[in-house]
Amino acid sequence: LYLKQVKTDSLNRIIVQNALAETYLQQARFVNARATLDESVRLAGRGQIRGIKNTQLGLTYKLLGDVLARQRKWEQALRY
């Protein structure tokens, strides 16, 4: 039960963090977007359960790539 709660809480926070990062990206506030996405990655690592696909973490990585692409950091963006 505890692991399920940790995963749910982390997942909900990641969803909110991703939405916030998308808003920052639309406003061209890249530093804020990157910091928010880095927090999402940290949260995902803490609440991750082996064998379960985390689509929100996938979105986080996509957004990280988008931030870097908007900054024209092409080589770094390709990592995501």
Side-chain angles (χ1 to χ4, degrees):
L1 180 65
Y2 174 73
L3 284 178
K4 185 175 182 180
Q5 184 65 37
V6 168
K7 182 182 182 306
T8 301
D9 289 347
S10 294
L11 183 60
N12 289 338
R13 288 190 59 200
I14 292 168
I15 291 169
V16 171
Q17 294 285 93
N18 285 344
L20 182 59
E22 283 185 284
T23 302
Y24 286 141
L25 182 59
Q26 290 170 357
Q27 297 172 346
R29 294 172 60 185
F30 304 123
V31 172
N32 297 90
R34 180 66 192 253
T36 303
L37 293 167
D38 287 342
E39 176 67 11
S40 290
V41 171
R42 188 186 68 75
L43 286 170
R46 187 177 67 193
Q48 193 168 13
I49 298 174
R50 261 186 109 94
I52 296 177
K53 184 176 181 178
N54 185 339
T55 56
Q56 288 303 314
L57 181 57
L59 177 59
T60 299
Y61 287 131
K62 182 223 177 271
L63 291 170
L64 280 166
D66 291 348
V67 168
L68 292 165
R70 290 276 307 271
Q71 292 178 303
R72 299 188 183 278
K73 296 180 180 178
W74 306 115
E75 286 185 37
Q76 292 177 28
L78 286 173
R79 294 181 196 154
Y80 296 99

**OP:** Grab the two heavy atoms, one from Ile14 and one from Leu43, that are nearest each other, plus how far apart they are.
**Re:** CG1-CB, 3.9 Å
Original post:
Is there side-chain contact between Leu20 and Asn32, with at least one heavy-atom pair below 4.5 Å?
Top reply: no
Original post:
Taking all non-hydrogen atoms of both residues, which atom of Tyr24 and which atom of Thr36 are closest, and how far apart?
Top reply: CE1-OG1, 3.4 Å
Original post:
Is the shortest heavy-atom distance from the side chain of Asp66 to the side chain of Tyr80 under 4.5 Å?
Top reply: no
Original post:
Do the side chain of Asn18 and the main chain of Gln56 share a donor and acceptor less than 3.5 angstrom apart?
Top reply: yes
Subject >> Spacing of CZ belonging to Arg42 relative to OG1 belonging to Thr60, to within rounding of 0.5 Å >> reply: 12.5 Å
Original post:
What heavy-atom pair brings Gly65 and Ala77 nearest, and what distance separates the two atoms?
Top reply: O-CB, 3.6 Å
**OP:** Could you tell me whether the side chain of Arg34 reaches within less than 4.5 Å of the side chain of Leu64, counting heavy atoms only?
**Re:** yes
Subject >> Heavy atoms from other residues, nucleotides or ligands near CD of Glu75 exceed 12 (cutoff 6.0 Å) >> reply: no
Original post:
Got a second to check how far Leu57's CG is from Leu37's CG, nearest 0.5 Å?
Top reply: 10.5 Å
Subject >> Leu25 backbone acceptor or donor facing Arg70 side chain under 3.5 Å >> reply: yes
